[in-house]
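Read through the structure below, which is laid out as structure tokens, and then see the notes.
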Amino acid sequence: MNWYITISEILFALCLAFCIYTLIRLVILGKPTDYSKTKGNVNSAVKYSYTGGMSPAKKESAYLHLPTYIAGMLFHVGTFLSLALFLINLFEPEYNHILKIFISVVLLLSGNSGLFILIKRIVKTELRSLSNADDYISNVIVTLFQFATIIYLFVPNSLYFVISGTLFLYLPVGKLKHTIYFFAARYHLGLFYGKRGVWPPQN
């Protein structure tokens, strides 16, 4: 096994360990004793938090900016697909040609969605004023990771593992940590609003 593959595996393992530790820590810290009387179904509220509560119709920042919302969803789909493929690629599988084409189309859409979001952040004055270096670095690394995955499907190369390792190295220290905070935050929202009978909303 080449050194760059070994290093990327080590960085992935360290990154995964950090994510698991942080998630467990967040869940524990986010569950203080709540003495208020439970008025709703907490389990249903948590489920709603991850499903209906994510609908663009329920989020003003989403339904007022649907193209960006769709691009963001595609970008995240491509990210999780690329992460799954990284694990699969470690076993050097033989991909069916049609499957490679299908995956490439999905990742082209998601990667270009990442570029769209990056360009919008640069061009839009209000977004640029709210952005810092971490916003740009995170976007560029993830976008490169997706495009590198496409290339690797057809031409295996060392650069793919270098970019992958860079992503795993940067994730614990940059805004990409929202990979963890997202799940913890939605869980806590479900707990809070479910206990008070606010979620899921009644028809």
Inset, instruction - Indicate yes or no for a side-chain donor-acceptor contact from R128 to the backbone of I122 under 3.5 Å, with no hydrogens or angles considered. - result: yes
Legend entry - Heavy-atom closest contact (V162 atom, T166 atom, distance): O-OG1, 2.8 Å
Legend entry - Any donor-acceptor pair under 3.5 Å from D134 side chain to G174 backbone: no
Legend entry - Set of side-chain hydrogen bond (donor to acceptor under 3.5 Å, both in side chains) partners for Y152, sequence neighbours left out: none
Legend entry - Qualifying residues under side chain to side chain contact (heavy atoms under 4.5 Å, CB included), relative to I180, sequence neighbours excluded: F18, C19, T22, L23, L26
Legend entry - Full working for side chain to side chain contact (heavy atoms under 4.5 Å, CB included) between F147 and L115: CA-CA 11 Å; F147 286 136; L115 287 177; 4.0 Å; yes
Inset, instruction - Could you state whether L144 and L81 fall into the same hydrophobic cluster, counting links through intermediate Ile, Leu, Val, Met, Phe, Trp or Tyr residues with side-chain heavy atoms under 4.5 angstrom apart? - result: no
Inset, instruction - Give, for atom CG of L167 and atom OG of S82, the distance between the pair rounded to the nearest 0.5 Å. - result: 9.5 Å
Inset, instruction - Could you tell me the separation between the CG atom of L191 and the CG atom of N43, rounded to the nearest 0.5 Å? - result: 9.0 Å
Legend entry - N89 side chain to L85 backbone, donor-acceptor under 3.5 Å: yes
Inset, instruction - Please indicate whether E126 has more than 12 foreign heavy atoms, meaning atoms of other residues, nucleotides or ligands, lying under 6.0 Å from its CD. - result: yes
Inset, instruction - Decide whether K195 and T38 meet the rule of one side-chain donor and one side-chain acceptor closer than 3.5 Å. - result: yes
Legend entry - Shared hydrophobic cluster, I10 / F86 (ILVMFWY, side-chain heavy atoms < 4.5 Å): no
Inset, instruction - Inspect the surroundings of OH in Y21 and state if more than 12 heavy atoms from other residues, nucleotides or ligands are less than 6.0 Å away. - result: no
Inset, instruction - Can you measure from CD1 (I151) to CG (L159) and round to the nearest 0.5 angstrom? - result: 7.5 Å
Legend entry - Between S110 and Q146, a side-chain donor and acceptor under 3.5 Å: yes
Legend entry - Single-linkage hydrophobic cluster, 4.5 Å side-chain cutoff, F161 and I103 together: no
Inset, instruction - Could you label the plane-to-plane angle of the F12 and F168 rings as parallel, tilted or perpendicular, counting under 30° as parallel and over 60° as perpendicular? - result: perpendicular
Legend entry - Contact summary for A45 and G194, nearest pair of heavy atoms: CB-CA, 3.2 Å
Legend entry - Linked, directly or transitively: Y50 and M54 (ILVMFWY side chains, under 4.5 Å): yes
Inset, instruction - Could you pull out the closest heavy-atom pair between F75 and S113, with the gap in Å? - result: N-CB, 4.3 Å
Inset, instruction - Could you tell me whether a side-chain N or O of N139 sits under 3.5 Å from a main-chain N or O of G114, the two making a donor and an acceptor? - result: yes
Inset, instruction - Nearest 0.5 Å please: distance from the NZ atom of K124 over to the OG atom of S129. - result: 11.5 Å
Inset, instruction - Using only heavy-atom distances, determine whether the side chains of Y4 and N157 contain a donor-acceptor pair under 3.5 Å. - result: no
Inset, instruction - Provide the full list of side-chain hydrogen bond (donor to acceptor under 3.5 Å, both in side chains) pairs with a residue in residues 178-188, sequence neighbours left out, each pair given once. - result: S49-R186
Inset, instruction - For the pair S44 (side chain) and N41 (backbone), establish whether a donor and an acceptor sit closer than 3.5 Å, ignoring hydrogens and angles. - result: no
Inset, instruction - Take the angle between the ring planes of Y193 and W199 and call it parallel below 30°, perpendicular above 60°, tilted in between. - result: tilted
Legend entry - Heavy-atom side-chain contact between L87 and L83 under 4.5 Å: no
Legend entry - For P56 against L66, the heavy-atom pair lying closest together: CB-CD2, 4.0 Å
Inset, instruction - Measure from the side-chain N and O atoms of N2 to the backbone N and O of I5, and report whether any donor-acceptor pair falls under 3.5 Å. - result: no
Legend entry - Transitive ILVMFWY side-chain link M73 to I119, under 4.5 Å: no
Inset, instruction - To the nearest 0.5 Å, tell me how far S138 OG sits from N132 CG. - result: 8.5 Å
Legend entry - Pairwise distance CG(L107) to OG1(T143) - rounded to 0.5 angstrom: 11.5 Å
Inset, instruction - Answer yes or no: are there more than 12 heavy-atom neighbours, outside K47 itself, under 6.0 Å from its atom NZ? - result: no
Legend entry - Distance-minimising heavy-atom pair for L176 and V142: CD2-CG2, 3.7 Å
Legend entry - More than 12 heavy atoms from other groups under 6.0 Å of CD1 on I98: no
Legend entry - T79 versus F145, closest heavy-atom pair with distance: O-CE2, 4.4 Å
Legend entry - More than 12 heavy atoms of other groups within 6.0 Å of F102 CZ: no
Legend entry - L153 vs S104, side chain to side chain contact (heavy atoms under 4.5 Å, CB included): CA-CA, chis, key distance, verdict: CA-CA 8 Å; L153 289 174; S104 298; 4.0 Å; yes
Inset, instruction - Apply side chain to side chain contact (heavy atoms under 4.5 Å, CB included) to the pair I150 and Y160, showing each step before the final yes or no. - result: CA-CA 10 Å; I150 297 174; Y160 168 73; over 6 Å; no
